[in-house]
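Accompanying notes for the structure given below.
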Amino acid sequence: MADSEISRTLPAITRRNKYAHDGAPKNLPYRIDRRNLLPVAGQLLSARIGELDGRRESGPTPVRELWPRWYAYHHHCIRSGRLRKRLASDMLHAAGNLPISEFESVGDDGAVAIRSLAAIHRIARLNVVAGQSELNERRKRWKDADQRLGYSAVAALEQELAEQTGVLGRVLLIAPVSSVIEVAAKLHCLIVTHDPDLKLEDAPWPQLRTLLKDLIRINGARDDQYLLVSARN
């Protein structure tokens with residue numbers, strides 16, 4: 001299902017993919033708070049899931065196989081998003097300071113997809129003030145810059161990665177588990193998907209963050225010389 005969709009469009013990402021964190025942190029932090037909760041959880045999960053028995057009987061793909069792939073795609077998506085944002089300022093300048101979203105979809109015939117009513121009004125004002133010829137020139141400049149910088153390709157890749165990450169995440173959350181670390185992996189996926197900045201204050205999100213901290217402490221108990229202390233939910 002999700003596996004076949006991903007393999008058709010993107011390179012395979014395995015448990016040992018270079019974008020996943022290899023190995024648990026040597027020194028788990030003394031304090032875990034909103035600044036480091038998700039990265040620390042990701043590092044610990046990468047190590048502990050890698051230690052699980054890889055053998056399984058036929059049936060649904062277990063969490064221990066799905067989480068590393070989901071986490072790798074998540075990082076791919078973040079990297080693509082950062083690249084797109086870096087290219088955005090160059091594209092804005094190339095389009096004559098007309099917002100990229102207004103020129104984001106250019107058809108083969110040169111037609112521009114206008115995304116909002118406000119954008120339509122801005123285009124109308126531009127037509128009156130500068131004339132259609134200037135608008136066409138800006139379209140050409142945008143298309144030329146897009147070919148040179150690859151903004152549309154990066155934006156399309158980011159969207160595709162986001163979709164694939166979402167598919168894997170949904171499958172992961174209903175996948176079977178056989179260990180506490182797999183439960184922690186499900187919870188980590190849930191929080192990353194719906195509360196990535198750890199800012200939601202309504203229940204159950206503070207409680208879920210605390211639960212993830214508890215599971216990190218349990219699964220990091222081998223490094224018992226380090227005490228994991230929750231700072232705030």
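All residue numbers refer to positions in the sequence shown, counting from 1.
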Q | Between CD on residue Glu163 and OH on residue Tyr73, distance to nearest 0.5 Å | A | 12.5 Å
Q | Over all atoms of both residues, closest heavy-atom pair of Ile49 and Ala185 | A | CD1-CB, 3.9 Å
(Q) Just verifying a value: how many Å separate Thr165 OG1 and Glu158 CD, rounded to the nearest 0.5 Å? (A) 10.0 Å
Q) Roughly how far, to the nearest 0.5 Å, is the CG atom of Leu83 from the NZ atom of Lys85? A) 12.0 Å
**Q.** Pairwise distance NE2(His194) to CG(Leu200) - rounded to 0.5 angstrom
**A.** 10.0 Å
Q. Out of curiosity, does Trp67 fall in the hydrophobic cluster containing Ile78 (side-chain heavy atoms, cut-off under 4.5 Å, transitive links)?
A. no
Q. Minimum heavy-atom separation for Ala41 to His188, with atom names?
A. CB-CD2, 3.7 Å
Q: State, to 0.1 Å, how close Leu38 and Pro196 come at their nearest heavy-atom pair, and which atoms those are.
A: CD1-O, 3.5 Å
(Q) Any heavy-atom pair between the side chains of Leu45 and Asn219 that's under 4.5 Å? (A) no
Q.
Restricting to salt bridge (Lys or Arg N to Asp or Glu O under 4.0 Å), what partner residues turn up for Arg82, sequence neighbours left out?
A. none
Q. What are the two closest heavy atoms between Ile191 and Leu208, and how far apart are they?
A. CD1-O, 3.7 Å
Q.
Please check: side-chain N/O of Asn36 versus main-chain N/O of Asp33, any donor-acceptor pairing under 3.5 Å?
A. yes
(Q) Checking the side chain of Arg48 only, and the main-chain atoms of Ile181 only, is there a donor and an acceptor separated by less than 3.5 Å? (A) no
Q.
Within this structure, what is the CD1-CD1 distance for the pair Ile32 and Ile216, rounded to the nearest 0.5 Å?
A. 4.5 Å
Q) If every non-hydrogen atom of Thr193 is compared with every non-hydrogen atom of Cys189, which pair is closest and at what distance? A) OG1-O, 2.8 Å
Q: Look at Asp146 together with Lys143 and state whether they make a salt bridge at an N to O cut-off of under 4.0 Å.
A: no
Q. Is Gln164 close to Leu161 at the side-chain level, that is, under 4.5 Å between some pair of heavy atoms?
A. no
Q: Apply side-chain hydrogen bond (donor to acceptor under 3.5 Å, both in side chains) to Trp70 and list each qualifying residue two or more places apart in sequence or on a separate chain.
A: none
Q: Measure the CG-CD distance between Asp202 and Gln207 for me, rounded to the nearest 0.5 Å.
A: 10.0 Å
Taking only distance into account, with no hydrogens and no angle test, what donor-acceptor pairs under 3.5 Å do side-chain atoms of residues 171-179 form with protein atoms, sequence neighbours excluded?
| unit_1 | atom_1 | unit_2 | atom_2 | d |
| --- | --- | --- | --- | --- |
| Ser178 | OG | Glu182 | OE1 | 3.0 |
| Ser179 | OG | Glu182 | N | 3.4 |
| Ser179 | OG | Glu182 | OE1 | 3.1 |

Q) Is there a donor-acceptor pair closer than 3.5 Å between any side-chain N or O of Asp195 and the backbone N or O of Lys199? A) yes
Q: Considering non-hydrogen atoms only, spot the tightest contact between Leu37 and Lys213 and give its length.
A: CD1-CG, 3.6 Å
Q | Side chain proximity check, Leu190 to Trp205, heavy atoms < 4.5 angstrom | A | yes
